[in-house]
Amino acid sequence: MRSAAESALLETAARCLPGGVLGTVRFSDGLAFVVKRAQGSKLYDVSGREYIDYLLGSGPMILGHSHPAVVRAVAEQLGRGTTYFLLNEPIIALAEELCRAVPCSEQVRFTSTGSEATFFALRVARAYRQRDRIMKFEGGFHGSHDYALMSVAPKSPKAFPAPLPDSAGIPHVVEGEVLIAPYNDLATTEALLAIHADELAGVIVEPFQRLIPPRAGFLQGLRSLTERYRIPLIFDEVVTGFRFAYGGAQEYYGVVPDLAAFGKIVGGGFPLAAVCGRRALMECLDPSRVGTGEFVSQVGTLNGNPVAAVAGLATLAELRQPGTYETLRRTGAVLKDGLADLLRRSGRPAQVVGEATVFDVVFTDRPIGDYRSMLTADAELLKAFNEECLKRGVVKGEHKLYVSLAHTDRDVERTLDAFRGALSSLPA
Ligand SMILES: Cc1ncc(COP(=O)(O)O)c(C=O)c1O
(Lines give C-alpha, C1' and ligand atoms only; values in the text may rest on other atoms or scores of the structure.)
Protein backbone atom coordinates (compact mmCIF):
# COMPACT_ATOMS: atom_id res chain seq x y z
CA MET A 1 0.00 0.00 0.00
CA ARG A 2 1.21 3.47 -0.88
CA SER A 3 1.37 5.80 2.14
CA ALA A 4 -0.22 9.29 2.20
CA ALA A 5 3.30 10.79 2.41
CA GLU A 6 4.44 8.98 -0.74
CA SER A 7 1.25 9.95 -2.61
CA ALA A 8 1.88 13.59 -1.67
CA LEU A 9 5.48 13.39 -2.95
CA LEU A 10 4.33 11.90 -6.25
CA GLU A 11 1.80 14.71 -6.61
CA THR A 12 4.51 17.31 -5.99
CA ALA A 13 6.76 15.58 -8.52
CA ALA A 14 3.95 15.59 -11.10
CA ARG A 15 3.51 19.34 -10.54
CA CYS A 16 7.16 20.43 -10.42
CA LEU A 17 8.97 18.02 -12.77
CA PRO A 18 8.12 17.67 -16.47
CA GLY A 19 6.19 14.43 -16.75
CA GLY A 20 6.70 13.94 -13.01
CA VAL A 21 10.02 12.23 -13.69
CA LEU A 22 13.79 12.80 -13.79
CA GLY A 23 14.34 11.45 -17.28
CA THR A 24 12.90 8.47 -19.05
CA VAL A 25 12.18 6.11 -16.14
CA ARG A 26 8.44 6.24 -15.73
CA PHE A 27 6.26 3.61 -14.10
CA SER A 28 2.51 3.44 -14.59
CA ASP A 29 0.48 5.37 -12.01
CA GLY A 30 -0.27 2.51 -9.65
CA LEU A 31 3.37 1.37 -9.54
CA ALA A 32 5.26 4.66 -9.27
CA PHE A 33 7.26 5.05 -6.07
CA VAL A 34 9.69 7.42 -4.38
CA VAL A 35 13.00 6.08 -3.06
CA LYS A 36 13.67 6.71 0.60
CA ARG A 37 16.94 4.83 0.92
CA ALA A 38 19.00 2.04 -0.53
CA GLN A 39 21.26 -0.57 1.01
CA GLY A 40 23.17 -3.38 -0.68
CA SER A 41 20.95 -4.93 -3.36
CA LYS A 42 17.76 -3.29 -2.08
CA LEU A 43 15.78 -0.10 -2.56
CA TYR A 44 13.20 1.03 0.00
CA ASP A 45 10.41 3.42 -0.87
CA VAL A 46 8.76 6.10 1.26
CA SER A 47 5.95 3.69 2.12
CA GLY A 48 8.48 1.18 3.46
CA ARG A 49 8.28 -1.30 0.58
CA GLU A 50 11.43 -3.23 -0.35
CA TYR A 51 12.64 -3.88 -3.93
CA ILE A 52 15.50 -5.98 -5.25
CA ASP A 53 17.36 -3.50 -7.42
CA TYR A 54 18.68 -4.41 -10.87
CA LEU A 55 18.63 -0.80 -12.07
CA LEU A 56 21.56 0.02 -9.74
CA GLY A 57 21.39 3.75 -10.37
CA SER A 58 21.54 2.95 -14.12
CA GLY A 59 24.71 0.94 -13.61
CA PRO A 60 27.23 2.58 -11.28
CA MET A 61 26.38 0.66 -8.10
CA ILE A 62 28.30 -2.51 -8.93
CA LEU A 63 29.15 -3.01 -5.24
CA GLY A 64 25.53 -2.41 -4.22
CA HIS A 65 24.24 0.67 -2.44
CA SER A 66 25.99 2.30 0.51
CA HIS A 67 28.94 -0.06 0.43
CA PRO A 68 30.83 0.49 3.71
CA ALA A 69 34.19 1.13 2.00
CA VAL A 70 32.66 3.80 -0.25
CA VAL A 71 30.69 5.42 2.56
CA ARG A 72 33.84 5.55 4.73
CA ALA A 73 35.96 7.09 1.98
CA VAL A 74 33.33 9.71 1.19
CA ALA A 75 32.75 10.57 4.86
CA GLU A 76 36.49 11.12 5.35
CA GLN A 77 36.72 13.32 2.26
CA LEU A 78 33.70 15.46 3.21
CA GLY A 79 35.64 16.91 6.16
CA ARG A 80 38.49 17.90 3.83
CA GLY A 81 36.39 19.91 1.39
CA THR A 82 34.02 18.90 -1.33
CA THR A 83 35.36 20.57 -4.46
CA TYR A 84 38.45 22.61 -5.34
CA PHE A 85 38.67 23.10 -9.15
CA LEU A 86 42.34 22.29 -8.57
CA LEU A 87 44.59 19.26 -8.67
CA ASN A 88 44.02 17.08 -5.63
CA GLU A 89 45.35 13.76 -4.31
CA PRO A 90 42.31 11.57 -5.01
CA ILE A 91 41.83 12.67 -8.60
CA ILE A 92 45.51 12.16 -9.44
CA ALA A 93 45.33 8.69 -7.91
CA LEU A 94 42.23 7.93 -9.97
CA ALA A 95 43.89 9.14 -13.18
CA GLU A 96 46.87 6.91 -12.43
CA GLU A 97 44.60 3.93 -11.75
CA LEU A 98 42.76 4.46 -15.06
CA CYS A 99 46.12 4.53 -16.85
CA ARG A 100 47.10 1.28 -15.08
CA ALA A 101 43.78 -0.47 -15.69
CA VAL A 102 42.64 0.52 -19.16
CA PRO A 103 44.73 -0.67 -22.12
CA CYS A 104 44.22 2.43 -24.33
CA SER A 105 44.68 4.89 -21.49
CA GLU A 106 47.95 6.82 -21.50
CA GLN A 107 46.26 10.00 -20.29
CA VAL A 108 42.91 10.92 -18.76
CA ARG A 109 40.67 13.99 -18.76
CA PHE A 110 37.79 14.02 -16.26
CA THR A 111 34.23 15.14 -16.90
CA SER A 112 31.12 14.91 -14.75
CA THR A 113 28.89 12.73 -16.97
CA GLY A 114 29.25 10.00 -19.54
CA SER A 115 27.54 12.23 -22.11
CA GLU A 116 30.27 14.82 -21.69
CA ALA A 117 32.92 12.11 -21.94
CA THR A 118 31.66 10.93 -25.36
CA PHE A 119 31.11 14.54 -26.48
CA PHE A 120 34.71 15.51 -25.66
CA ALA A 121 36.14 12.27 -27.05
CA LEU A 122 34.54 13.23 -30.37
CA ARG A 123 35.91 16.77 -30.11
CA VAL A 124 39.42 15.41 -29.45
CA ALA A 125 39.09 13.12 -32.47
CA ARG A 126 38.04 16.07 -34.65
CA ALA A 127 40.94 18.23 -33.46
CA TYR A 128 43.43 15.41 -34.00
CA ARG A 129 42.14 14.36 -37.42
CA GLN A 130 41.26 17.87 -38.56
CA ARG A 131 37.97 16.52 -39.95
CA ASP A 132 34.38 17.01 -38.79
CA ARG A 133 32.16 14.02 -39.45
CA ILE A 134 31.77 11.04 -37.17
CA MET A 135 30.45 7.54 -37.69
CA LYS A 136 28.29 5.86 -35.10
CA PHE A 137 26.21 2.71 -35.14
CA GLU A 138 22.46 2.45 -35.40
CA GLY A 139 20.98 1.72 -31.98
CA GLY A 140 24.17 2.79 -30.17
CA PHE A 141 23.69 5.20 -27.26
CA HIS A 142 26.38 7.66 -26.26
CA GLY A 143 24.43 10.02 -24.01
CA SER A 144 22.19 12.97 -24.66
CA HIS A 145 24.25 15.51 -26.63
CA ASP A 146 23.35 16.50 -30.18
CA TYR A 147 25.87 14.24 -31.97
CA ALA A 148 24.96 11.23 -29.82
CA LEU A 149 21.19 11.41 -30.28
CA MET A 150 21.27 10.24 -33.88
CA SER A 151 19.62 6.96 -34.87
CA VAL A 152 19.62 5.60 -31.33
CA ALA A 153 16.03 4.39 -31.61
CA PRO A 154 14.60 5.20 -35.03
CA LYS A 155 11.09 3.77 -35.52
CA SER A 156 11.53 3.56 -39.30
CA PRO A 157 15.27 3.57 -39.95
CA LYS A 158 16.59 5.22 -43.10
CA ALA A 159 19.08 3.69 -45.54
CA PHE A 160 22.65 3.77 -44.18
CA PRO A 161 24.44 6.09 -43.54
CA ALA A 162 21.63 8.69 -43.18
CA PRO A 163 20.90 9.57 -39.53
CA LEU A 164 17.58 10.25 -37.84
CA PRO A 165 17.64 12.56 -34.81
CA ASP A 166 16.15 11.13 -31.61
CA SER A 167 15.19 14.46 -30.10
CA ALA A 168 13.54 17.71 -31.00
CA GLY A 169 15.78 20.73 -30.64
CA ILE A 170 18.85 19.35 -32.39
CA PRO A 171 19.99 21.70 -35.17
CA HIS A 172 19.45 20.09 -38.58
CA VAL A 173 23.05 20.84 -39.55
CA VAL A 174 24.21 18.23 -37.03
CA GLU A 175 22.53 15.52 -39.14
CA GLY A 176 25.09 16.27 -41.82
CA GLU A 177 27.91 15.59 -39.35
CA VAL A 178 26.95 12.04 -38.37
CA LEU A 179 27.03 8.88 -40.48
CA ILE A 180 25.21 5.76 -39.33
CA ALA A 181 26.50 2.23 -39.84
CA PRO A 182 24.95 -1.14 -38.92
CA TYR A 183 26.42 -2.69 -35.75
CA ASN A 184 27.88 -6.16 -36.23
CA ASP A 185 27.89 -5.76 -40.03
CA LEU A 186 31.51 -5.35 -40.96
CA ALA A 187 30.98 -5.62 -44.71
CA THR A 188 28.55 -2.68 -44.85
CA THR A 189 30.71 -0.68 -42.45
CA GLU A 190 33.73 -1.34 -44.64
CA ALA A 191 31.82 -0.22 -47.74
CA LEU A 192 30.74 3.01 -45.98
CA LEU A 193 34.30 3.66 -44.82
CA ALA A 194 35.61 3.12 -48.32
CA ILE A 195 33.43 6.02 -49.50
CA HIS A 196 33.60 8.33 -46.48
CA ALA A 197 36.92 7.64 -44.72
CA ASP A 198 38.50 10.89 -45.78
CA GLU A 199 35.67 12.98 -44.24
CA LEU A 200 35.69 11.17 -40.91
CA ALA A 201 37.12 12.45 -37.63
CA GLY A 202 36.33 9.27 -35.73
CA VAL A 203 34.25 6.13 -35.35
CA ILE A 204 32.46 5.69 -32.03
CA VAL A 205 31.00 2.38 -30.90
CA GLU A 206 29.59 0.75 -27.82
CA PRO A 207 31.72 -2.41 -27.94
CA PHE A 208 28.72 -4.23 -26.44
CA GLN A 209 25.83 -2.29 -27.96
CA ARG A 210 23.05 -1.87 -25.39
CA LEU A 211 22.41 -5.63 -24.93
CA ILE A 212 23.97 -6.95 -28.10
CA PRO A 213 27.37 -8.65 -27.89
CA PRO A 214 29.78 -8.09 -30.77
CA ARG A 215 29.94 -10.93 -33.30
CA ALA A 216 33.27 -12.74 -33.46
CA GLY A 217 35.65 -10.55 -35.43
CA PHE A 218 33.46 -7.42 -35.55
CA LEU A 219 35.48 -5.27 -33.14
CA GLN A 220 38.77 -6.63 -34.47
CA GLY A 221 37.62 -5.83 -38.01
CA LEU A 222 36.58 -2.33 -36.99
CA ARG A 223 39.98 -1.84 -35.40
CA SER A 224 41.80 -2.94 -38.56
CA LEU A 225 39.64 -0.76 -40.82
CA THR A 226 40.06 2.34 -38.68
CA GLU A 227 43.79 1.71 -38.51
CA ARG A 228 43.95 1.30 -42.28
CA TYR A 229 42.25 4.69 -42.77
CA ARG A 230 43.98 6.30 -39.72
CA ILE A 231 40.64 7.20 -38.19
CA PRO A 232 40.54 7.30 -34.38
CA LEU A 233 38.39 4.51 -32.95
CA ILE A 234 36.45 5.48 -29.82
CA PHE A 235 34.99 2.89 -27.47
CA ASP A 236 32.10 4.09 -25.36
CA GLU A 237 32.83 2.13 -22.17
CA VAL A 238 30.37 4.02 -19.98
CA VAL A 239 28.48 0.75 -19.36
CA THR A 240 31.23 -1.82 -19.89
CA GLY A 241 34.04 -0.02 -18.04
CA PHE A 242 35.00 -1.89 -14.84
CA ARG A 243 31.95 -4.14 -15.39
CA PHE A 244 32.95 -6.57 -18.13
CA ALA A 245 36.47 -6.73 -16.72
CA TYR A 246 38.68 -4.43 -14.65
CA GLY A 247 40.12 -3.10 -17.93
CA GLY A 248 36.66 -2.81 -19.50
CA ALA A 249 35.43 -4.20 -22.81
CA GLN A 250 38.82 -3.53 -24.37
CA GLU A 251 40.34 -6.06 -21.99
CA TYR A 252 37.35 -8.41 -22.21
CA TYR A 253 37.25 -8.51 -26.02
CA GLY A 254 40.97 -7.91 -26.55
CA VAL A 255 40.58 -4.92 -28.88
CA VAL A 256 42.25 -1.61 -27.99
CA PRO A 257 40.74 1.66 -29.29
CA ASP A 258 42.47 5.05 -29.55
CA LEU A 259 40.09 6.81 -27.16
CA ALA A 260 37.51 5.61 -24.64
CA ALA A 261 34.75 7.19 -22.59
CA PHE A 262 34.24 5.92 -19.05
CA GLY A 263 31.47 6.80 -16.60
CA LYS A 264 29.09 5.10 -14.16
CA ILE A 265 31.26 2.73 -12.03
CA VAL A 266 34.36 4.91 -12.16
CA GLY A 267 32.60 7.56 -10.05
CA GLY A 268 31.38 5.10 -7.42
CA GLY A 269 27.85 6.55 -7.56
CA PHE A 270 28.92 10.20 -7.86
CA PRO A 271 29.01 12.43 -10.94
CA LEU A 272 32.34 11.60 -12.51
CA ALA A 273 33.32 10.33 -15.93
CA ALA A 274 36.45 10.36 -18.06
CA VAL A 275 37.94 10.43 -21.52
CA CYS A 276 41.02 8.21 -21.76
CA GLY A 277 43.28 7.54 -24.65
CA ARG A 278 46.54 7.53 -26.46
CA ARG A 279 48.83 10.39 -25.56
CA ALA A 280 49.06 11.63 -29.17
CA LEU A 281 45.32 12.37 -29.14
CA MET A 282 44.92 13.37 -25.50
CA GLU A 283 47.63 16.00 -25.88
CA CYS A 284 45.10 18.08 -27.85
CA LEU A 285 43.67 18.88 -24.39
CA ASP A 286 46.99 20.27 -23.15
CA PRO A 287 46.59 24.05 -22.57
CA SER A 288 50.08 24.65 -23.92
CA ARG A 289 48.49 24.01 -27.33
CA VAL A 290 46.23 27.06 -27.04
CA GLY A 291 46.40 29.01 -30.27
CA THR A 292 47.73 26.13 -32.38
CA GLY A 293 44.42 25.20 -34.01
CA GLU A 294 44.67 21.77 -32.37
CA PHE A 295 43.77 22.80 -28.84
CA VAL A 296 40.59 21.23 -27.45
CA SER A 297 38.87 23.37 -24.87
CA GLN A 298 37.31 21.32 -22.09
CA VAL A 299 36.56 22.53 -18.61
CA GLY A 300 33.85 21.92 -16.01
CA THR A 301 33.24 23.31 -12.53
CA LEU A 302 32.96 19.91 -10.87
CA ASN A 303 35.46 18.01 -13.00
CA GLY A 304 38.10 16.35 -10.86
CA ASN A 305 35.78 16.42 -7.88
CA PRO A 306 37.52 14.81 -4.89
CA VAL A 307 34.38 13.30 -3.31
CA ALA A 308 33.55 11.48 -6.54
CA ALA A 309 37.20 10.49 -6.89
CA VAL A 310 37.42 8.84 -3.47
CA ALA A 311 34.13 7.02 -4.13
CA GLY A 312 35.55 5.81 -7.46
CA LEU A 313 38.87 4.79 -5.89
CA ALA A 314 37.15 2.87 -3.08
CA THR A 315 34.95 1.10 -5.63
CA LEU A 316 37.91 0.16 -7.81
CA ALA A 317 39.84 -1.12 -4.78
CA GLU A 318 36.96 -3.52 -4.02
CA LEU A 319 36.85 -4.62 -7.66
CA ARG A 320 40.56 -5.46 -7.55
CA GLN A 321 39.99 -8.07 -4.82
CA PRO A 322 40.73 -11.58 -6.10
CA GLY A 323 37.73 -13.41 -7.55
CA THR A 324 35.47 -10.36 -7.81
CA TYR A 325 34.63 -10.67 -11.49
CA GLU A 326 34.17 -14.45 -11.21
CA THR A 327 31.64 -13.87 -8.42
CA LEU A 328 29.83 -11.16 -10.37
CA ARG A 329 29.63 -13.30 -13.51
CA ARG A 330 28.54 -16.37 -11.54
CA THR A 331 25.66 -14.48 -9.91
CA GLY A 332 24.67 -13.01 -13.27
CA ALA A 333 24.89 -16.37 -15.03
CA VAL A 334 22.53 -18.05 -12.55
CA LEU A 335 19.99 -15.28 -13.05
CA LYS A 336 20.42 -15.09 -16.82
CA ASP A 337 20.30 -18.85 -17.34
CA GLY A 338 17.37 -19.13 -14.93
CA LEU A 339 15.43 -16.52 -16.89
CA ALA A 340 16.28 -18.23 -20.20
CA ASP A 341 15.00 -21.50 -18.76
CA LEU A 342 11.73 -19.89 -17.61
CA LEU A 343 11.24 -18.38 -21.07
CA ARG A 344 11.80 -21.77 -22.72
CA ARG A 345 9.24 -23.39 -20.45
CA SER A 346 6.74 -20.59 -21.10
CA GLY A 347 6.75 -21.53 -24.79
CA ARG A 348 6.75 -17.84 -25.76
CA PRO A 349 8.84 -16.52 -28.63
CA ALA A 350 11.44 -14.86 -26.40
CA GLN A 351 15.11 -15.02 -25.49
CA VAL A 352 17.66 -13.55 -23.12
CA VAL A 353 20.17 -11.25 -24.82
CA GLY A 354 23.38 -9.93 -23.29
CA GLU A 355 26.27 -10.93 -21.07
CA ALA A 356 26.08 -12.40 -17.57
CA THR A 357 26.39 -9.00 -15.86
CA VAL A 358 24.08 -6.99 -18.19
CA PHE A 359 21.19 -8.63 -20.00
CA ASP A 360 17.44 -8.60 -20.54
CA VAL A 361 14.57 -10.56 -22.00
CA VAL A 362 13.73 -9.79 -25.63
CA PHE A 363 10.30 -10.96 -26.73
CA THR A 364 11.11 -12.31 -30.17
CA ASP A 365 12.56 -15.58 -31.44
CA ARG A 366 14.38 -13.85 -34.29
CA PRO A 367 18.18 -13.96 -33.81
CA ILE A 368 19.39 -10.66 -32.36
CA GLY A 369 22.55 -9.12 -33.80
CA ASP A 370 21.73 -5.49 -34.49
CA TYR A 371 19.23 -2.71 -33.88
CA ARG A 372 16.87 -3.72 -36.70
CA SER A 373 16.50 -7.25 -35.38
CA MET A 374 15.65 -5.71 -31.98
CA LEU A 375 12.74 -3.88 -33.65
CA THR A 376 11.03 -7.25 -34.14
CA ALA A 377 10.63 -7.60 -30.35
CA ASP A 378 7.25 -7.09 -28.69
CA ALA A 379 7.78 -3.83 -26.78
CA GLU A 380 4.35 -3.94 -25.11
CA LEU A 381 5.04 -7.36 -23.69
CA LEU A 382 8.38 -6.17 -22.27
CA LYS A 383 6.62 -3.22 -20.64
CA ALA A 384 4.04 -5.58 -19.12
CA PHE A 385 6.82 -7.91 -17.93
CA ASN A 386 8.67 -5.01 -16.28
CA GLU A 387 5.50 -3.95 -14.49
CA GLU A 388 4.72 -7.49 -13.33
CA CYS A 389 8.29 -7.71 -11.96
CA LEU A 390 7.82 -4.42 -10.15
CA LYS A 391 4.56 -5.65 -8.58
CA ARG A 392 6.63 -8.55 -7.23
CA GLY A 393 9.33 -6.26 -5.79
CA VAL A 394 11.92 -6.44 -8.58
CA VAL A 395 13.13 -3.19 -10.14
CA LYS A 396 14.87 -3.38 -13.51
CA GLY A 397 15.65 -0.95 -16.30
CA GLU A 398 13.29 -0.53 -19.20
CA HIS A 399 15.60 -2.64 -21.39
CA LYS A 400 18.27 -3.90 -19.05
CA LEU A 401 19.19 -5.71 -15.84
CA TYR A 402 22.47 -4.87 -14.13
CA VAL A 403 23.94 -7.39 -11.69
CA SER A 404 25.92 -6.31 -8.62
CA LEU A 405 28.26 -7.92 -6.11
CA ALA A 406 25.62 -7.25 -3.46
CA HIS A 407 23.05 -9.59 -5.04
CA THR A 408 22.89 -12.75 -2.93
CA ASP A 409 21.82 -16.30 -3.83
CA ARG A 410 18.60 -15.57 -1.93
CA ASP A 411 18.02 -12.41 -4.05
CA VAL A 412 18.52 -14.45 -7.21
CA GLU A 413 16.09 -17.12 -5.98
CA ARG A 414 13.47 -14.49 -5.12
CA THR A 415 14.02 -12.77 -8.47
CA LEU A 416 13.55 -15.99 -10.42
CA ASP A 417 10.29 -16.55 -8.49
CA ALA A 418 9.22 -13.03 -9.47
CA PHE A 419 10.15 -13.71 -13.12
CA ARG A 420 8.12 -16.94 -13.03
CA GLY A 421 5.09 -15.12 -11.63
CA ALA A 422 5.51 -12.21 -14.02
CA LEU A 423 5.71 -14.46 -17.07
CA SER A 424 2.62 -16.41 -16.06
CA SER A 425 0.65 -13.14 -15.64
CA LEU A 426 1.41 -11.83 -19.13
CA PRO A 427 -1.33 -11.76 -21.74
CA ALA A 428 -1.21 -14.82 -24.04
C1 LIG B 1 26.87 3.57 -23.36
C2 LIG B 1 26.52 4.88 -22.70
N3 LIG B 1 27.19 5.99 -23.06
C4 LIG B 1 26.96 7.18 -22.51
C5 LIG B 1 25.99 7.32 -21.53
C6 LIG B 1 25.72 8.67 -20.94
O7 LIG B 1 26.19 8.72 -19.63
P8 LIG B 1 25.55 9.79 -18.61
O9 LIG B 1 24.15 9.32 -18.34
O10 LIG B 1 26.46 9.72 -17.43
O11 LIG B 1 25.60 11.11 -19.29
C12 LIG B 1 25.26 6.21 -21.12
C13 LIG B 1 24.22 6.33 -20.09
O14 LIG B 1 23.53 5.42 -19.74
C15 LIG B 1 25.52 4.95 -21.73
O16 LIG B 1 24.83 3.86 -21.40
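Just so you know, ligand 1 is whichever comes first in the structure, and atom 1 is the first atom listed for that ligand.
- Those atoms of ligand 1 that come under 4.0 Å of a heavy atom in His142, given as number and element, are 3 (N), 4 (C).
- Looking at Leu192, Val178, Thr189, Thr188 one by one, the single match for side chain to side chain contact (heavy atoms under 4.5 Å, CB included) with Pro161 turns out to be Leu192.
- Partner of Leu401 under the side chain to side chain contact (heavy atoms under 4.5 Å, CB included) criterion, out of Val361, Val358, Asp360: Asp360 alone.
- Of all the listed residues (Lys264, Glu206, Lys400), Lys264 holds the heavy atom that lies closest to atom 13 (C) of ligand 1.
- For atom 15 (C) of ligand 1, the nearest non-hydrogen atom from the set Phe119, Phe235, Phe141 belongs to Phe141.
- Using a 4.0 Å heavy-atom cutoff, Glu116 is absent from the residues neighbouring ligand 1.
- Heavy-atom contacts of Thr113 reach the following atoms of ligand 1: 10 (O), 11 (O) (cutoff under 4.0 Å).
- Centroid-to-centroid, the aromatic rings of Phe218 and Tyr183 come within less than 6.0 Å.
- Within the 4.0 angstrom cut-off, atom 8 (P) of ligand 1 has one or more protein heavy-atom neighbours.
- Between Phe419 and Phe385, the angle of the ring planes lies from 30° to 60°, which puts this pair in the tilted group.
- Among all non-hydrogen protein atoms, the one lying nearest atom 10 (O) of ligand 1 is Gly114 N, 2.8 Å.
- Under the 30°/60° scheme for interplanar angles, the aromatic rings of Phe242 and Tyr246 are found to stand perpendicular.
- Of the protein's heavy atoms, Asp236 OD2, 2.6 Å lies nearest to atom 3 (N) of ligand 1.
- Atom 16 (O) of ligand 1 has Arg210 NH2, 2.9 Å as its closest protein atom, hydrogens excluded (heavy atom only).
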Name the atoms and distances for all side-chain donor-acceptor pairs under 3.5 Å in residues 271-285, with sequence neighbours left out.
| residue | atom | partner | partner atom | Å |
| --- | --- | --- | --- | --- |
| Arg278 | NE | Asp258 | OD1 | 2.9 |
| Arg278 | NH2 | Asp258 | OD1 | 3.2 |
| Glu283 | OE1 | Arg289 | NH2 | 3.4 |

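- Note on residues 101-111: pairs passing side chain to side chain donor-acceptor pair (under 3.5 Å), not counting sequence neighbours, are Arg109-Gln298.
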